[in-house]
Amino acid sequence: MRLYFLSERQAALKLDGAYLGTIDGFERFVDIDRGAKILAEVIPEGDARPVSFFIDDSFFKEPPDFADVYLSDGDAVIYITRYAARAEKLKVVAQREFCGGLITLFLNGGGVYLNCEREVCNLYEFSRAFENATFKEERIANRPVLLVEGEGCVAVISEDCRRVFYNPAESWQCGNDLTVTVNFNTCAGCRATCTFAYDGAAMTLINSVTEERVPPPPEVMHFAFFECVMTHGNFAKYLSDELKANAQALPSFLGGFVDVAVPYSRFFEKHGNIKAAGLVYPLSKNLFQIKYFAVDIKDGKIENVYEVE
């Protein structure tokens, strides 16, 4: 079994006490015996605490909160996404009374949290993009809301002090609906403008328009196609006339994937040089499955899409 290691910051990696080098945003891998139980230690640079965990069957079923795990064709990717600060000091970032409640954004142990206190307390964990966020009172559909505005992201708190929206966004506008613009890190530079209706209890997506701002090179056209399906763009333009007749069935056929990944070299060693991409599906908290789909291309158009077994 091959394990790939990633870390959100540079860190030293030890397995069963043996130093294996540093890990960061570029994958490093090690081959292990399937079913083995290995003690992993990851020691990050800077003012952050190391993490340690056993790599065994239970780890691949329920990863710890600080790691995302991706299962892929018998191998796995372990991405250390969060480290606690060495000095676990609580720091209040912003606080405001809102609709009879008290909303507090704070840092604790390297994490970012929002506490919404009214009749009951609702505690939400936020990404680090909110660590310098600010509050702003607005109205959506003539209902009061509190925006938590982070760096490239926004959350919406309802008048009963619950989080009803939480998403990356480059811009947002409140009015009769909530409109957000989201830039995706895709090879065609996809940008989506999404409109959400609000009834005071939940946000409901009512419209989404995706544009591709960069023509993808022919050699990555299959990645652009899958990314266009994921972002609800006009993916039919990549299809042959024959396949275009079945375009509406493709999203259901591919399922609810949330990312598109480049296959590792071992995939091509096994399956040959095919036009394939890894589609990432959430299984549970911090746990994902990568399935591989390939396309056949003729005259610059995709004429077949199939899962690679």
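Everything numeric in this text was worked out from a predicted model, so none of it was measured.
Atom CD of Glu219 sits in a crowded spot, with more than 12 heavy atoms from other residues, nucleotides or ligands closer than 6.0 Å. More than 12 heavy-atom neighbours from other residues, nucleotides or ligands sit within 6.0 angstrom of CD on Glu27. Residue Asn207 places its CG atom among more than 12 non-hydrogen atoms of other residues, nucleotides or ligands, all under 6.0 Å distant.
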Applying salt bridge (Lys or Arg N to Asp or Glu O under 4.0 Å) to Asp73 and Lys270, what does each step give before you reach the verdict? CA-CA 10 Å; Asp73 202 21; Lys270 180 178 179 181; 3.6 Å; yes
Might you work through the side chain to side chain contact (heavy atoms under 4.5 Å, CB included) test for Phe253 and Asn246, ending with a clear yes or no? CA-CA 11 Å; Phe253 171 68; Asn246 297 316; over 6 Å; no
Assess whether side chain to side chain contact (heavy atoms under 4.5 Å, CB included) is satisfied between Ile80 and Val51, documenting all intermediate values. CA-CA 9 Å; Ile80 309 300; Val51 297; 4.2 Å; yes
Side chain to side chain contact (heavy atoms under 4.5 Å, CB included) for Leu114 and Ile157? Distances and angles first, verdict last. CA-CA 10 Å; Leu114 186 79; Ile157 307 303; 3.4 Å; yes
Show the numbers, then the answer: is there a side chain to side chain contact (heavy atoms under 4.5 Å, CB included) between Phe225 and Leu250? CA-CA 11 Å; Phe225 160 71; Leu250 273 173; 3.9 Å; yes
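Contacts of Glu211 classified as side chain to side chain contact (heavy atoms under 4.5 Å, CB included), with partners at least two apart in sequence or in another chain: Arg191, Arg213. Residues satisfying the ring pair (Phe, Tyr, Trp, His ring centres under 6.0 Å) criterion with His271, sequence neighbours excluded, are Phe267. Qualifying side chain to side chain contact (heavy atoms under 4.5 Å, CB included) partners for Lys244, counting only residues two or more places apart in sequence or in other chains: Ala236, Leu239, Asp241. The side chain to side chain contact (heavy atoms under 4.5 Å, CB included) check on Thr204 picks up nothing, with sequence neighbours excluded. In this structure Pro168 satisfies the side chain to side chain contact (heavy atoms under 4.5 Å, CB included) test with no other residue, sequence neighbours excluded. With sequence neighbours left out, Gln95 forms a side chain to side chain donor-acceptor pair (under 3.5 Å) with Thr104. When the side chain to side chain donor-acceptor pair (under 3.5 Å) test is applied to Glu149, the partners found at least two apart in sequence or on another chain are Trp172.
For Phe66 and Phe53, the distance between ring centers is under 6.0 angstrom. Close placement of the Tyr166 and Phe130 rings is indicated, their centers lying within 6.0 Å of each other.
One hydrophobic cluster, built from ILVMFWY side chains closer than 4.5 Å, cannot hold both Val148 and Val154; they sit in different ones. There is no path of hydrophobic side-chain contacts, each under 4.5 Å, that joins Tyr79 to Leu13. Cluster membership for Leu15 and Met1, using ILVMFWY side-chain heavy atoms within less than 4.5 angstrom, is shared. The same ILVMFWY cluster, assembled from side-chain heavy atoms under 4.5 Å apart, contains both Leu107 and Leu105. Val93 and Leu102 end up in different hydrophobic clusters when Ile, Leu, Val, Met, Phe, Trp and Tyr side chains are linked at under 4.5 Å.
The OG1 atom of Thr210 sits 11.0 Å away from the CZ atom of Phe235 when rounded to the nearest 0.5 Å. Here the NZ-CG distance, from Lys61 to Asp56, works out to 9.5 Å after rounding to the nearest 0.5 Å. A distance of 10.5 Å separates CD1 in Ile103 from CZ in Arg96, rounded to the nearest 0.5 Å. We find the NZ-CG distance between Lys275 and Asn273 to be 7.0 Å, quoted to the nearest 0.5 Å.
Listed here is the closest heavy atom pair of Leu146 and Glu137: CD1-CG, 3.7 Å. A pairwise comparison of heavy atoms in Tyr238 and Cys228 identifies CE1-CB, 4.2 Å as the closest pair. Of all non-hydrogen atoms in Cys121 and Asn115, the two that sit nearest each other are CB-OD1, 3.9 Å. Nearest approach of Leu279 to Phe293, heavy atoms of both residues: CD1-CD1, 3.5 Å. The heavy-atom pair separating Ala169 from Val182 by the smallest distance is CA-CG2, 4.4 Å. Across every non-hydrogen atom of Arg9 and Pro44, the tightest pair is CD-CB, 3.7 Å.
Residue pairs meeting the side chain to side chain donor-acceptor pair (under 3.5 Å) criterion with at least one member in residues 278-294, sequence neighbours excluded: Asp65-Lys285, Ser72-Tyr292. Among residues at least two apart or in separate chains, ring pair (Phe, Tyr, Trp, His ring centres under 6.0 Å) pairs with a member in residues 19-43 are Tyr4-Phe29. Within the structure, ring pair (Phe, Tyr, Trp, His ring centres under 6.0 Å) pairs that include any residue of residues 180-214 comprise Phe165-Phe196 (at least two apart or interchain). Sorted by first and then second residue, the side chain to side chain donor-acceptor pair (under 3.5 Å) pairs with a member in residues 30-45 read Arg2-Asp31; sequence neighbours excluded.
Ring geometry for Phe126 against Tyr124 counts as tilted: the plane angle lies between 30° and 60°, on a 0 to 90° scale. Between Phe226 and Phe257, the ring-plane angle classifies as perpendicular under the 30° and 60° cut-offs.
Not one N or O on the side chain of Arg118 forms a donor-acceptor pair closer than 3.5 Å with the backbone of Phe98. Side chain of Glu227 to main chain of Cys187: a donor-acceptor pair is present (N/O by atom type, distance under 3.5 Å, no hydrogens or angles). When atom types are taken as modelled, the side chain of Thr186 and the backbone of Cys190 share a donor-acceptor pair closer than 3.5 angstrom.
Here the options are Val77, Ile290, Asp75, the test is side-chain contact (heavy atoms from CB on, under 4.5 Å), and the partner is Tyr264; only Val77 passes.
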For residues 297-309, dump all side-chain donor-acceptor pairs below 3.5 Å to protein atoms at least two apart in sequence or in another chain.
unit_1	atom_1	unit_2	atom_2	d
Lys301	NZ	Lys237	O	2.6
Asn304	ND2	Asp296	OD2	3.4

